[in-house]
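A short worksheet on the structure shown next.
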Amino acid sequence: MDSPSYLEGSDNLPVEEVDWADAVYFCSKLNELYGDSLPSGYHYTLLTEAQWEYPCRAGTPTRFHYGDELGVVSA
């Protein structure tokens, strides 16, 4: 299969042009190939919205990485 990435020149570049279905398929193939090496009950999957949101907030307990109020971040 050809790489869906627009970026070329290295095998160590991100793939940025993948749709959701392809990402889910990739996770299922990882589970087929490497699932036995994971701890019991673990499997490869895409992050949930909550799992993605936590690192985006930089580990803060606030709604946003800069606080609770929606607005412009002052420098």
Side-chain angles (χ1 to χ4, degrees):
M1 180 174 160
D2 292 331
S3 172
S5 180
Y6 175 77
L7 302 172
E8 295 180 6
S10 172
D11 290 337
N12 198 22
L13 293 173
V15 176
E16 77 292 336
E17 295 193 22
V18 176
D19 64 24
W20 180 84
D22 287 338
V24 170
Y25 177 75
F26 180 74
C27 290
S28 71
K29 293 307 273 184
L30 284 175
N31 286 316
E32 285 179 26
L33 295 171
Y34 306 110
D36 292 342
S37 64
L38 296 173
S40 179
Y42 282 67
H43 60 279
Y44 292 99
T45 185
L46 297 176
L47 295 175
T48 65
E49 183 177 357
Q51 289 168 326
W52 178 254
E53 190 174 305
Y54 181 76
C56 290
R57 288 195 324 259
T60 65
T62 56
R63 289 180 61 205
F64 307 103
H65 72 278
Y66 55 83
D68 284 323
E69 298 300 319
L70 182 60
V72 178
V73 178
S74 60

**Prompt:** Within a radius of less than 6.0 Å around CG of Asp36, do more than 12 heavy atoms belonging to other residues, nucleotides or ligands occur?
**Reply:** no
**Item:** Closest approach of Gln51 to Pro55 (non-hydrogen atoms, all atoms of both residues)
**Value:** O-CD, 2.9 Å
**More than 12 heavy atoms from other groups under 6.0 Å of CD on Glu49** = no
**Asked** Out of curiosity, Lys29 NZ to Asp22 CG, how far, rounded to the nearest 0.5 Å?
**Response** 13.0 Å
**Prompt:** Linking I/L/V/M/F/W/Y whenever their side-chain heavy atoms sit closer than 4.5 Å, directly or via other members, would Tyr42 and Leu47 fall into one cluster?
**Reply:** no
**Request:** Look at the side-chain heavy atoms of Ile, Leu, Val, Met, Phe, Trp and Tyr, link any pair under 4.5 Å apart, and say whether Tyr25 and Leu46 land in one connected group.
**Result:** no
**Asked** Is the closest side-chain heavy-atom distance between Tyr44 and Phe26 below 4.5 Å?
**Response** no
**Message:** Using side-chain heavy atoms (C-beta onward) and a distance below 4.5 Å, is Thr48 in contact with Trp52?
**Reply:** no
**Prompt:** Roughly how far apart are Ser37 OG and Leu30 CG, rounded to 0.5 Å?
**Reply:** 10.0 Å
**Partner residues of Glu69 under the side-chain hydrogen bond (donor to acceptor under 3.5 Å, both in side chains) criterion, sequence neighbours left out** = none
